[in-house]
Amino acid sequence: MPEIIEVELYRIAASATIGRRILAVDAPDAWYLKRGVSMNALVSALRGRVVDAARRHGKLLLLDLVGAASAPGAPGASVTAGAVDDGDAVTLGLRFGMTGRLIVDGIAPITELAYGSSRAERSWERFALRFDGGGSLMISDPRRLGGVELDPDEGDLGPDAYGLTAPQLAHALAGSHAPLKARLMDQTRIAGLGNLLTDEILWRAGLDPARPAGSLEGRERARLARAVTSALADLSARGGSHTGDLQSARQRGGRCPRDGTPLQRRTVAGRTTYSCPRHQR
DNA sequence: ATTGTGGCCTGCCCGC
DNA sequence: TGCGGGCAGGCCACAA
């Protein structure tokens, strides 16, 4: 599924659209538009603008759009509050849920997606930008778990998992009685970690996912910080969050790749969790 | 405030 | 061979 690693690849792909002007917006699925944005409002807010930047915060992909939006088409169109848009920059937020794929100019940066399908069905196309001079940026999402929103509140997100510092990690865990895994996946505390990455990180760190987050000692926090860094670096280099050392054993009957112990399968933080009862304490 | 739970979405896989 | 139930997890609303 798209976790921070995949969304970073999406960001790189999306950066190819920088400088292009939006000619048309396809939003065939109203359910895919979040935070109460109507199709009409979204289209008129985006059309005519130019992509200025492609950013990422955690699993949220952000497109900064500048330039005047298209003038309200029909005479008498209701734009009572619309004057705010004119000339102001807007930011388009794209979320991919578990099965969302980004396709830029017809090319998907990620072809194989854990739990997703690699097929291309027209009916799965939930949102697209068509650019002046050709080319497009499109989201294909079979399960409709992703979504699009205008001017997302980035303040709701914790520090990005890439480049997370030890003090930031310590702050994210301090004083919490929630399971360690829940805290790591809480996007308001740390942005970007999903289920697979979190299992991999805790396995590398040798920490029980169910441990109260605030119970870690200094050495354990240091180990966890190193595991976050190493897991992100290794799995990014390998090309995805599904390439972890634990991944092949992450199934019923799987054994710990480190010590051969049968892995424990349980629900922690509401998610299916695999861990080694021997070396994760 | 913090933590936990259930539901949403739907393709796919397993067992009968 | 077809069918139905369970499963996957990011995110959100809501409960305790």
Side-chain angles (χ1 to χ4, degrees), chain A residues 1-8 10 27-37 56-62 93-102 108 110-127 139-149 152-158 160-161 171-202 209-215 240-242 244 246-254 263 265-275:
Chain A
M1 75 248 34
E3 296 186 31
I4 192 169
I5 293 171
E6 285 74 23
V7 179
E8 174 61 10
Y10 291 168
D29 186 355
W31 194 86
Y32 216 69
L33 309 182
K34 306 302 181 184
R35 296 223 305 188
V37 186
R56 181 192 55 72
H57 192 153
K59 304 174 200 172
L60 176 65
L61 180 62
L62 301 149
L94 307 175
R95 298 181 190 277
F96 298 92
M98 175 176 151
T99 56
R101 298 200 304 154
L102 188 74
I110 308 256
T111 48
E112 71 173 277
L113 203 55
Y115 305 113
S117 170
S118 57
R119 285 192 291 137
E121 294 274 348
R122 288 302 301 268
S123 61
W124 295 346
E125 297 180 5
R126 310 298 179 190
F127 181 81
I139 298 178
S140 171
D141 184 0
R143 297 183 202 178
R144 303 169 82 204
L145 288 165
V148 172
E149 65 182 296
D153 188 352
E154 298 173 55
D156 288 345
L157 295 171
D160 195 78
H171 183 256
L173 305 180
S176 173
H177 294 277
L180 182 52
K181 176 167 179 172
R183 207 68 170 184
L184 291 177
M185 290 202 305
D186 182 343
Q187 302 299 299
T188 70
R189 310 286 177 177
I190 298 169
L193 302 181
N195 200 37
L196 295 184
L197 268 174
T198 304
D199 273 9
E200 172 77 13
I201 287 165
L202 291 170
R211 278 272 297 275
S215 73
S241 55
H242 61 289
L246 178 66
Q247 186 64 28
S248 63
R250 211 178 165 285
Q251 56 184 317
R252 289 171 199 269
L263 291 179
R265 180 189 189 271
R266 59 190 156 152
T267 298
V268 178
R271 298 287 165 249
T272 301
T273 300
Y274 286 87
S275 61

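A note on names: the letters A, B, ... follow the listed sequences, proteins ahead of strands, and every chain is numbered from 1.
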Length of the [atom1]-[atom2] vector between [X] and [N], whole Å:
| X | N | atom1 | atom2 | result |
| --- | --- | --- | --- | --- |
| A/R271 | B/dT3 | CZ | P | 17 Å |
| A/Q251 | C/dA8 | CD | P | 12 Å |
| A/E149 | C/dC12 | CD | C1' | 12 Å |
| A/R126 | B/dT10 | CZ | P | 7 Å |
| A/R101 | C/dG9 | CZ | C1' | 18 Å |
| A/M98 | B/dG11 | CE | P | 12 Å |
| A/R252 | B/dG15 | CZ | C1' | 13 Å |
| A/L60 | C/dG10 | CG | C1' | 13 Å |

**Asked** Phosphate oxygens OP1/OP2 of C/dC11: is one of them under 4.0 Å from a side-chain N or O of A/K59?
**Response**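 For C/dC11, OP1 or OP2 has a side-chain N or O of A/K59 closer than 4.0 Å.
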
Choosing from [options], which nucleotide comes nearest the side chain of [X]?
| X | options | answer |
| --- | --- | --- |
| A/P179 | B/dG4, C/dG10, C/dC11 | B/dG4 |
| A/W124 | B/dT2, B/dG11, C/dG9 | B/dG11 |
| A/S176 | C/dG9, C/dG10, B/dT3 | B/dT3 |
| A/H177 | C/dC11, B/dT3, C/dA8 | B/dT3 |
| A/M185 | C/dG10, C/dA8, B/dT3 | C/dG10 |
| A/R265 | C/dG9, C/dC7, B/dC9 | C/dC7 |
| A/R144 | B/dT3, C/dG10, B/dC9 | B/dC9 |

**Asked** Any donor-acceptor pair under 3.5 Å linking the side chain of A/H57 with the backbone of A/G158?
**Response**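 Side chain of A/H57 to backbone of A/G158: a pair is present.
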
**Asked** Does A/E8 reach the main-chain N or O of A/I5 with its side chain, forming a donor-acceptor pair under 3.5 Å?
**Response**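 Pair absent, no side-chain N/O of A/E8 close to backbone of A/I5.
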
**Item:** Carboxylate-amine/guanidinium proximity below 4.0 Å for A/E149 and A/R95
**Value:**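 Judged by the 4.0 Å cut-off on N to carboxylate O distance, A/E149 and A/R95 do form a salt bridge.
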
**Electrostatic pair A/D160:A/R56 at N-O distance under 4.0 angstrom** =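 Salt bridge flag = yes for A/R56 with A/D160.
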
**Message:** Counting distance alone, no hydrogens or angles: does the base of C/dG9 have a donor or acceptor under 3.5 Å from a partner atom on the side chain of A/R143?
**Reply:**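 No, the side chain and the base share no sub-3.5 Å donor-acceptor pair.
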
**Request:** Quick one: label A/R183 by what it contacts on the DNA or RNA (base, sugar-phosphate, nothing), any heavy atom closer than 4.0 Å.
**Result:**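 Sugar-phosphate, no base atom in range.
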
**Side-chain H-bond candidate by donor/acceptor type, A/T99 with A/D141, under 3.5 Å** =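 Indeed, the side chains of A/T99 and A/D141 share at least one donor-acceptor pair under 3.5 Å.
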
